[in-house]
Amino acid sequence: MKDIRPVIVLLAALTALEALLFLLQTSAELSTIREGVLVGFLFGVPTLLIGGLLALRKHWIVMAAVMYSTIALALDLATIVQEVNQTAPRGLVLTLTVGSSLLNFLIMILGGRCALTFHPGEPPPEDSHPHLRFPSSS
């Protein structure tokens, strides 16, 4: 399944970009629990997704990456709106957030294509409808 390579590369690039953004966002103090949740979402989930894609190579993990990037894109858009509405918007934070949004969008596109594509080496899905014989056919 070579279609997952771009998704893995994009997730790794997204994690690196989010690390830069996390280091720049020192103005807002978060509680320990909120910071733990944020760090887990920004770094833990993509790392688990990359590990799962490398180890298991299943389509449902790619779909989980698409769902993650959808949520992350919504958070990026909220960050962009919040940054633009400040009296002195920080250009570097805004640029990195737009880059993160683009990476999340690409993960959604490429991951969705990968998750919804049937590969010839995989067994076809089982037929969920039983083949019933009518009494008149015996």
Side-chain angles (χ1 to χ4, degrees):
M1 185 165 59
K2 60 184 175 185
D3 295 330
I4 63 169
R5 287 184 192 144
V7 177
I8 293 171
V9 170
L10 288 170
L11 280 169
L14 180 66
T15 304
L17 187 64
E18 291 295 340
L20 283 173
L21 272 169
F22 188 73
L23 292 174
L24 289 174
Q25 298 282 353
T26 57
S27 63
E29 287 293 322
L30 297 174
S31 68
T32 308
I33 294 174
R34 287 184 181 172
E35 188 169 341
V37 170
L38 180 64
V39 168
F41 182 77
L42 292 178
F43 306 116
V45 174
T47 304
L48 287 174
L49 289 171
I50 291 170
L53 286 171
L54 290 173
L56 300 176
R57 297 185 172 268
K58 299 287 185 183
H59 288 294
W60 62 267
I61 299 174
V62 178
M63 202 62 219
V66 170
M67 289 186 275
Y68 168 80
S69 65
T70 304
I71 296 167
L73 179 61
L75 291 173
D76 283 343
L77 294 176
T79 303
I80 289 170
V81 169
Q82 184 179 8
E83 191 67 34
V84 168
N85 286 331
Q86 287 186 359
T87 56
R90 297 172 290 182
L92 183 59
V93 171
L94 195 58
T95 304
L96 290 175
T97 306
V98 168
S100 174
S101 300
L102 179 63
L103 288 175
N104 280 314
F105 183 71
L106 288 174
I107 291 170
M108 289 169 49
I109 297 293
L110 296 176
R113 185 185 316 161
C114 179
L116 298 175
T117 304
F118 176 77
H119 295 281
E122 295 178 353
E126 294 181 19
D127 189 15
S128 62
H129 303 294
H131 297 287
L132 300 175
R133 297 178 76 188
F134 291 104
S136 62
S137 65
S138 21

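The shown structure was predicted, so the numbers you read here are calculated from the model rather than taken from an experiment.
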State yes or no: do [X] and [Y] share one hydrophobic cluster built from I, L, V, M, F, W and Y residues joined by side-chain heavy-atom distances below 4.5 Å, directly or via other members?
{"X": "Phe22", "Y": "Val45", "result": "yes"}
{"X": "Leu14", "Y": "Val39", "result": "yes"}
{"X": "Leu75", "Y": "Phe43", "result": "yes"}
{"X": "Leu106", "Y": "Leu21", "result": "yes"}
{"X": "Leu10", "Y": "Met67", "result": "no"}

Without placing hydrogens or testing angles, list every side-chain donor-acceptor pair under 3.5 Å for residues 49-56, not counting sequence neighbours.
none

Minimum heavy-atom separation for [X] and [Y], please, with both atom names.
{"X": "Leu73", "Y": "Met108", "result": "CD2-SD, 3.9 Å"}
{"X": "Leu110", "Y": "Pro6", "result": "CD1-CB, 3.9 Å"}
{"X": "Leu11", "Y": "Pro46", "result": "CD2-CB, 4.4 Å"}
{"X": "Gly111", "Y": "Val66", "result": "C-CG2, 3.5 Å"}
{"X": "Gly99", "Y": "Leu17", "result": "C-CD2, 3.5 Å"}

How many angstroms lie between atom CG of Asn85 and atom CD1 of Ile80, to the nearest 0.5 angstrom? 12.0 Å
Once you round to the nearest 0.5 Å, how far does CG of Leu38 lie from CD1 of Ile33? 13.5 Å
Is it true that, when you exclude Leu92 itself, more than 12 heavy atoms of the residues, nucleotides or ligands shown sit nearer than 6.0 Å to its CG? yes
Counting only heavy atoms from other residues, nucleotides and ligands, does the tally under 6.0 Å from CD of Gln86 exceed 12? yes
Beyond-backbone contact of Arg113 with Asp3, side-chain heavy atoms, under 4.5 angstrom: no
Could you list all the salt bridge (Lys or Arg N to Asp or Glu O under 4.0 Å) pairs where at least one residue sits in residues 70-87, not counting sequence neighbours? Glu83-Arg90
Run through the side-chain heavy atoms of Ile, Leu, Val, Met, Phe, Trp and Tyr, join any pair under 4.5 Å, and report what else lands in Val9's cluster. none
Among residues at least two apart in sequence or on other chains, which ones pass ring-ring contact (aromatic ring centres under 6.0 Å, His included) with Phe105? none
Donor-acceptor pair, side chain of His59 and main chain of Cys114, under 3.5 angstrom: yes
Provide the full list of side chain to side chain donor-acceptor pair (under 3.5 Å) pairs with a residue in residues 11-20, sequence neighbours left out, each pair given once. Glu18-Ser100
Mind jotting down which residue pairs meet the side chain to side chain donor-acceptor pair (under 3.5 Å) criterion with at least one end in residues 60-72? Sequence neighbours excluded, please. none
